[in-house]
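Okay, structure first, notes after.
Excluded from the calculations below are hydrogen atoms, water molecules and symmetry mates; all remaining heavy atoms, backbone and side chain alike, are included.
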Amino acid sequence: MLWPRRPDNWREHAAPAQRAFAAVVKAIAQFEPVTVGVHPAAFEQARLAVEPRVRVVRLDSDDAWMRDVGPTCVMNGAEVRGVDWHFNAWGGLSGGLYFPWDRDELVARRVLETEGLERYRAPIVCEGGAIHSDGEGTLLVTEQCLLNPNRNAGLGRRQIELLLKAYTGTETVIWLGQGVFNDETDGHIDNLACFVAPGEVALGWTDDRRDPQWAISHDAFERLSAARDACGRRLRIHKIPMPGPLYMTASEAAGIVPAPGAKPRHAGERLAASYVNFYIANGGVVVPLLDPALDDRVLRLVQRLFPQRRVVGVPAREILLGGGNIHCITQQIPRGEARGSYRA
């Protein structure tokens, strides 16, 4: 994980977001070791905010979305290596969320060096939240994100798909259409749908036909229903209700300090809220709590999907206000061995 601190993205100089991140750290640390990368100026503050068993390291970054700027790890038996995607702040100069992003562009390499893992430097712009794997050769992605010309202009679907397969080792890419309505990442898959097991997908869902999300989720359901995974299986689809709709309040927007090059945030803006944006840990699942009317129901649904894991809910509105959620701020590093002599 990374420690939030941008005042132009996190309200009240990131203090509420830091408390929310610390709660996520505590929840995950029940199940597996956690490392938090922190800007050197905030090291002591972060060290005091998280438990002593959590490793805190000096790691500079532009913001705190480790899923997207960190490495995507691949395995060959027990051997683990990391894929380092190019990063352009979700769109570069044509829709990106801040400028510059040069420190974020170095995070994946630094994480792999810290963990002693070899690195593959991929030749395309991609974020970890733009792909979701079943671990058996299948990727979920969205057209809205990966076919957006602000990522890889000049590359078509087939070229992008071939590169995804080459760098992740997957055999089948299932393309959904759009991501969650008003998602500023250009529709990351991890906010809309994810594998909960090979052959099983959780999908954010609403029954309200007046909601723009209805058409998006319905289209995703149709595509998933028609798809086959790398093992030839039809997918079992579990509908997870969407919270809200939720909107940024005037007081929340007032706590953000505008800055040149950063996406402005306004009162009344619809938030891309989704319960699907959870983190699967060793023996646990950490789920964002977003809507008191639905939180308990969703926790029960997720528990049924993961009967062998303990489901933990963490209040996550402050993370949502920054543009993502628990899956977006975390990136797992598989347990394994660092071997070989490959150098990118």
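When every heavy atom of D8 is checked against every heavy atom of A262, the shortest pair comes out as OD2-CB, 3.3 Å. Closest approach of L2 to D63, counting heavy atoms only: CD1-O, 3.6 Å. Nearest heavy atom pair, residue D134 against residue F195, reads N-CD1, 3.4 Å. In this structure, R317 and L290 approach most closely via the heavy-atom pair N-CD2, 4.1 Å. Smallest separation of non-hydrogen atoms from V276 and G204: CG2-N, 3.6 Å. Closest of all the heavy-atom pairs between P16 and E12 is CG-OE1, 3.6 Å.
Residues T185 and D183 have side chains that bring a donor and an acceptor to within less than 3.5 angstrom of each other. Between the side chains of Y275 and N325, no donor-acceptor pair of N or O atoms lies under 3.5 Å.
Considering only heavy atoms from C-beta on, D186 comes within 4.5 Å of N150 through its side chain. Inter-residue side-chain proximity for N277 and D190 is flagged as met; some heavy-atom pair is nearer than 4.5 Å. Looking at heavy atoms from C-beta onward, W90 lies in side-chain contact with D68 at the 4.5 angstrom threshold. Using a 4.5 Å cut-off on side-chain heavy atoms (C-beta onward), V141 and W175 make contact. Contact check for S217 versus L192: side-chain heavy atoms found under the 4.5 Å cut-off. Side-chain contact between V107 and F87 is absent, with no heavy-atom pair separated by less than 4.5 Å. Contact of the W101 side chain with the D62 side chain is registered, since non-hydrogen atoms from C-beta on lie closer than 4.5 Å. Residues V196 and H238 meet the side-chain proximity criterion, which asks for heavy atoms closer than 4.5 Å.
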### Check against side chain to side chain contact (heavy atoms under 4.5 Å, CB included), L155 and L163
CA-CA 10 Å; L155 294 183; L163 286 166; 4.3 Å; yes
### Derivation and outcome, side chain to side chain contact (heavy atoms under 4.5 Å, CB included), residues V57 and R110
CA-CA 11 Å; V57 299; R110 289 172 175 168; over 6 Å; no
### Message
Using the rule given for side chain to side chain contact (heavy atoms under 4.5 Å, CB included), can you reason through E171 versus T138, listing the C-alpha separation, both sets of side-chain angles and the distance that settles it, and then say yes or no?
### Response
CA-CA 6 Å; E171 301 169 3; T138 308; over 6 Å; no
### Message
Could you walk me through whether L224 and L140 satisfy the side chain to side chain contact (heavy atoms under 4.5 Å, CB included) test, starting with their C-alpha distance in whole Å, then the side-chain angles of each, then the deciding distance to 0.1 Å, before giving a yes or no?
### Response
CA-CA 9 Å; L224 290 168; L140 288 178; 3.8 Å; yes
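A continuous path of Ile, Leu, Val, Met, Phe, Trp and Tyr side chains, each step under 4.5 Å between heavy atoms, connects F221 with V201, placing both in one hydrophobic cluster. By the criterion of side-chain heavy atoms lying less than 4.5 angstrom apart, applied directly or through intervening Ile, Leu, Val, Met, Phe, Trp or Tyr residues, F278 is not grouped with I319; the two fall into different hydrophobic clusters. Both L117 and L59 are part of a single hydrophobic cluster, where members link through side-chain heavy atoms under 4.5 Å apart. V25 and V69 end up in the same hydrophobic cluster when Ile, Leu, Val, Met, Phe, Trp and Tyr side chains are linked at under 4.5 Å. Hydrophobic cluster membership differs between L235 and I240, with clusters built from Ile, Leu, Val, Met, Phe, Trp and Tyr side chains linked at under 4.5 angstrom.
Taking the six-membered ring for Trp and the full ring otherwise, the centers of H132 and H327 sit less than 6.0 Å from each other.
Counting only residues at least two apart or on different chains, the side chain to side chain donor-acceptor pair (under 3.5 Å) pairs with a member in residues 260-269 are N9-R265, E184-R265, K263-E269. Applying the side chain to side chain donor-acceptor pair (under 3.5 Å) definition to pairs two or more places apart or across chains, those involving residues 17-27 are Q18-Q45.
Panel note: side chain T170, backbone T172; no donor-acceptor pair is recorded below 3.5 Å. Put simply, the side chain of R5 never gets that close to the backbone of H39: no donor and acceptor are under 3.5 Å apart. Under the 3.5 Å distance criterion, the side-chain polar atoms of T142 are matched with a main-chain donor or acceptor of G187. A donor-acceptor pair under 3.5 Å is absent between the side-chain atoms of E222 and the main chain of D219, judged by distance alone. Side chain of Q213 to main chain of F181: a donor-acceptor pair is present (N/O by atom type, distance under 3.5 Å, no hydrogens or angles). In this structure, the side chain of T206 does not engage the main chain of M242 through any donor-acceptor pair within 3.5 Å. R157 places no side-chain N or O within 3.5 Å of a backbone atom of L147 that could act as its donor or acceptor partner. The closest donor-acceptor contact from the side chain of Q331 to the backbone of P71 lies under 3.5 Å. Between the Q303 side chain and the V311 main chain, a donor and an acceptor come within less than 3.5 Å of each other. T249 places a side-chain N or O within 3.5 Å of a backbone atom of E252 that can act as its donor or acceptor partner.
Ion pair R335/E32 not flagged as a salt bridge, since none of the NZ, NE, NH1 or NH2 atoms sits closer than 4.0 Å to an Asp/Glu carboxylate oxygen. Between R55 and E115 a salt bridge is recorded (basic side-chain N to carboxylate O distance below 4.0 Å). Residues R11 and E318 are paired through a salt bridge, judged by an N-O separation under 4.0 Å between the basic side chain and the carboxylate. Taking 4.0 Å as the cut-off between side-chain N and carboxylate O, R300 and D296 do not count as a salt-bridged pair. Residues E105 and R121 are paired through a salt bridge, judged by an N-O separation under 4.0 Å between the basic side chain and the carboxylate. Under the 4.0 Å criterion applied to side-chain N and carboxylate O atoms, R103 and D60 are assigned as salt-bridge partners.
Note that the CD1 atom of I326 and the CG atom of L320 stand 11.0 Å from one another [nearest 0.5 Å]. To the nearest 0.5 Å, atoms CE (M1) and CZ (R67) are separated by 11.0 Å. Here the CZ atom belonging to R151 is positioned 7.5 Å from the CG atom belonging to L146, to the nearest 0.5 angstrom. Rounding to the nearest 0.5 Å gives a distance of 11.0 Å between CG of N88 and CG of D104. The CD1 atom of I189 sits 12.0 Å away from the CD atom of Q178 when rounded to the nearest 0.5 Å. Considering SG of C145 and CD1 of I160, their distance stands at 9.5 Å, rounded to 0.5 Å.
Between H218 and W205, the ring-plane angle classifies as tilted under the 30° and 60° cut-offs.
Atom CZ of R270 is surrounded by more than 12 heavy atoms from other residues, nucleotides or ligands within 6.0 Å. The environment of R210 atom CZ is sparse: at most 12 non-hydrogen atoms of other residues, nucleotides or ligands sit within 6.0 angstrom.
When W3, W10, Y98 are each tested for a ring-ring contact (aromatic ring centres under 6.0 Å, His included) with W65, only one passes: W10. When V287, V314, I28 are each tested for a side-chain contact (heavy atoms from CB on, under 4.5 Å) with Y279, only one passes: I28.
Take R234 and apply the salt bridge (charged side-chain N to carboxylate O under 4.0 Å, His left out) test, not counting sequence neighbours, and it matches no residue.
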